[in-house]
Structure formats: structure tokens, C-alpha cells
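Comments concern the structure below.
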Amino acid sequence: MDLSELERDNTGRCRLNSPVPSVCCKEPCVLGVDEAGRGPVLGPMVYAICYCPLSRLADLEALKVADSKTLSESERDRLFAKMEEDGDFVGWALDVLSPNLISTSMLGRVKYNLNSLSHDTATGLVQYALDQGVKVAQVFVDTVGPPETYQERLQQRFPGVEVTVKAKADALYPVVARDQAVKNWKFVEKLQDLDTDYGSGYPSDPKTKAWLREHVDPVFGFPQFVRFSWRTAQSILEKEAEDVTWEDSQTGDQEGLKRIKSYFSKGPRARLPHRYFQERGLESATIL
């Protein structure tokens, strides 16, 4: 799998894909959606689709791809290479969501939680396959949240497709992509004596916690490899990093909480700036 595009810029979202097999534009296809890396505090989350004609599904199943977590990394790579050889009837696409994208989405002024990000990414990949001309007839999706609600949402979005949402084993494509992305991660920060033994990357792993404590900067925080919105990372920041005091231009009671009667009182009243300017502490310039 060529990750050169991700290596050039791993700060946002990166989409990678195979060529679309011509047979997939002619025959009804089955498409599966799955993710890898939802829980770790380190590294990206990867969503992937894999599709093939319904008439060739038995050929794909003959590869005997087990739950990817039960396979070693070398076994996953070997199976992925075999599936790549079957490119005349198997296609795939994936989105790599960087730790920076995940955390800034979750902590932004307008919250964008992980479930919403996951739903939208999965939906976008299915739509991508349709836009490429793939004759998608059936879609199988690993659930995020209540499967009934998720299935109803997808069925409304894709009324001409039979959608099934349920919990199932991890798929091969997103796990292989995440394996390679983590192993070949290019740090945008110039870190000296970087230890790349992260452990599993999960918050409960003592080795991962030790790596986080070792690589937190007291002023700038963590490298972008870290999902700083995770509670584990926030706790280490609170203990190891310097406190930041934000100057607040508002004094006294919060503006905007006056009684409604005040808007109907006689006499002139001061016009408040829009909330956009209040939240950012912006004031009108009096001297240029």
C-alpha cells in the first residue's frame, strides 16, 4: 500500500484508493465498511471500504481472512498482498483521519464528536464508491453506537442499497493501513532522541502512558501524533505542562443574561457587540 501521500501531509484527512475494477461497474457488488484505531490515544483512525461483485464473493471468502486482531502484522501484510493481486475484481478505498483532525474536531467551538465523525466518514466512503461508478447493491457496516439507528440513517441516505449494520470482526484493510501509517509516521516536530516504542497506543497501556509522559513539552504539549482530546493525554498535560492563564475582557456579570424587560425599557441603551466578538475578546480599534 502506497502511503506516500499521507507521509507528505499527515495533519488532516487523507484518502487512498485502488483502481476500480471494471467488473464492479457492470455487476451488482457487495461493499463492507470498517475502521481501525478508534480507541488509541496515539496515531490515526482509519476507515476503509472493500467491495467486489456478488458473483465473486466466494472467491474473496476463500482467502479465509480471520478477525484481523487474531493475525500478526506479517500475516495481515501477506493477506493484503494476496488481495491486491485480486485487483481484477476487488476494490478498496480508505480515509486516514489524523490525531490532529480528531482532537481539533472534538474540542472545537462547535463540537464534532467521534461518533459523528465516524458516521460521516463511513457515509462519505460509500458515496465515493457510488460516484466512481461501482454498482453497490449491498452494504455491510460495523456499528458505531446503536446499530438500529445507524442502519436507519444509512438506509435513508442510500435508499437503493440494501444496508446491514451490526457488530462484527475487524476488517483487514483499515488495520493494515493503520499498521503502516503508525510504523512510518513522519513527525512534523523536530524531536531529538525520539523513542518509537509506543506500546499498543491504547490509554490503558503502561508503556503508552510512559511514552506520553516522556514526550510532553511543558509549553507546546504533545506531538501531533497524540490525540490530545483523550482524557489520558489531558491528565498528563495538567500534571506535567505549565498552566495557561487566558485574559478575559469581560468583567462582572456575563453579558447577554439580562432580563427580557430590559429590552423594552425607555431611553437609550448600549448596543452589545455580537457574541462572535465577545467570545474572542475582540474590541473595536480606537487608535490605528
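Sequence positions, counted from 1, serve as the residue numbers for this chain. In this text, all values refer to a predicted model and were calculated from it rather than measured experimentally. Atom set for the values below is all heavy atoms of this structure, side chains included, hydrogens, waters and symmetry mates excluded.
Between Phe225 and Tyr198, the ring planes lie tilted relative to each other; the angle falls in the 30° to 60° range.
For Thr104 (side chain) and Leu101 (main-chain N/O), a donor-acceptor pair under 3.5 Å exists by modelled atom type. No side-chain donor-acceptor contact under 3.5 Å links Trp92 to the backbone of Leu16. Between the Ser103 side chain and the Phe228 main chain, a donor and an acceptor come within less than 3.5 Å of each other. The closest donor-acceptor contact from the side chain of Ser200 to the backbone of Asp205 lies at 3.5 Å or more, if one exists at all. With hydrogens and angles ignored, the 3.5 Å screen pairs a side-chain donor or acceptor of Asn100 with a backbone N or O of Thr11. In this structure, the side chain of Asn10 does not engage the main chain of Leu6 through any donor-acceptor pair within 3.5 Å. Checking side-chain atoms of Glu189 against main-chain N and O of Gln224 turns up a donor-acceptor pair under 3.5 Å. Counting only distance, with no hydrogens or angles, the side chain of Gln132 and the backbone of Pro19 share no donor-acceptor pair below 3.5 Å. In this structure a side-chain-to-backbone donor-acceptor pair under 3.5 Å is missing from Gln138 to Glu162. For the pair Gln151 (side chain) and Val165 (backbone), a donor-acceptor distance under 3.5 Å is present.
Between His119 and Tyr150, the distance from one ring center to the other falls under 6.0 angstrom.
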* To do: Start with the C-alpha distance between Asp77 and Gln180, add both sets of side-chain angles, then the distance that settles side-chain contact (heavy atoms from CB on, under 4.5 Å), and finish with yes or no.
  => CA-CA 9 Å; Asp77 289 341; Gln180 295 190 22; 4.1 Å; yes
* To do: Could you walk me through whether Lys209 and Glu214 pass salt bridge (Lys or Arg N to Asp or Glu O under 4.0 Å), step by step?
  => CA-CA 9 Å; Lys209 289 182 179 179; Glu214 182 181 347; over 6 Å; no
* Asked: Which is it for Ile49 and Leu94 under the side-chain contact (heavy atoms from CB on, under 4.5 Å) test, yes or no, and what are the steps along the way?
  -> CA-CA 6 Å; Ile49 57 172; Leu94 57 87; over 6 Å; no
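To the nearest 0.5 Å, atoms CG (Asp34) and CG (Leu125) are separated by 11.5 Å. Distance check, rounded to the nearest 0.5 Å: CG of Leu57 to CZ of Phe89 gives 9.5 Å. Taken from CZ in Arg227 to OG in Ser105, the straight-line distance is 11.5 Å, to the nearest 0.5 Å.
Here Asp120 does not pair with Arg13 in a salt bridge; the nearest charged N to carboxylate O distance is not below 4.0 Å. Salt-bridge check for Lys166 with Glu148: failed, with every basic side-chain N at 4.0 Å or more from each acidic carboxylate O.
Checked by atom type, the side-chain pair Ser4/Asp2 shows a donor-acceptor distance below 3.5 Å.
Qualifying side chain to side chain contact (heavy atoms under 4.5 Å, CB included) partners for Ser204, counting only residues two or more places apart in sequence or in other chains: Tyr202. Evaluation of the side chain to side chain contact (heavy atoms under 4.5 Å, CB included) rule for Glu27 yields Val23, Pro53, Ser55 as partners, not counting sequence neighbours.
Among residue pairs with one or both ends in residues 41-50, none qualify as salt bridge (Lys or Arg N to Asp or Glu O under 4.0 Å); sequence neighbours excluded.
The environment of NZ in Lys239 is sparse: at most 12 heavy-atom neighbours from other residues, nucleotides or ligands sit within 6.0 Å.
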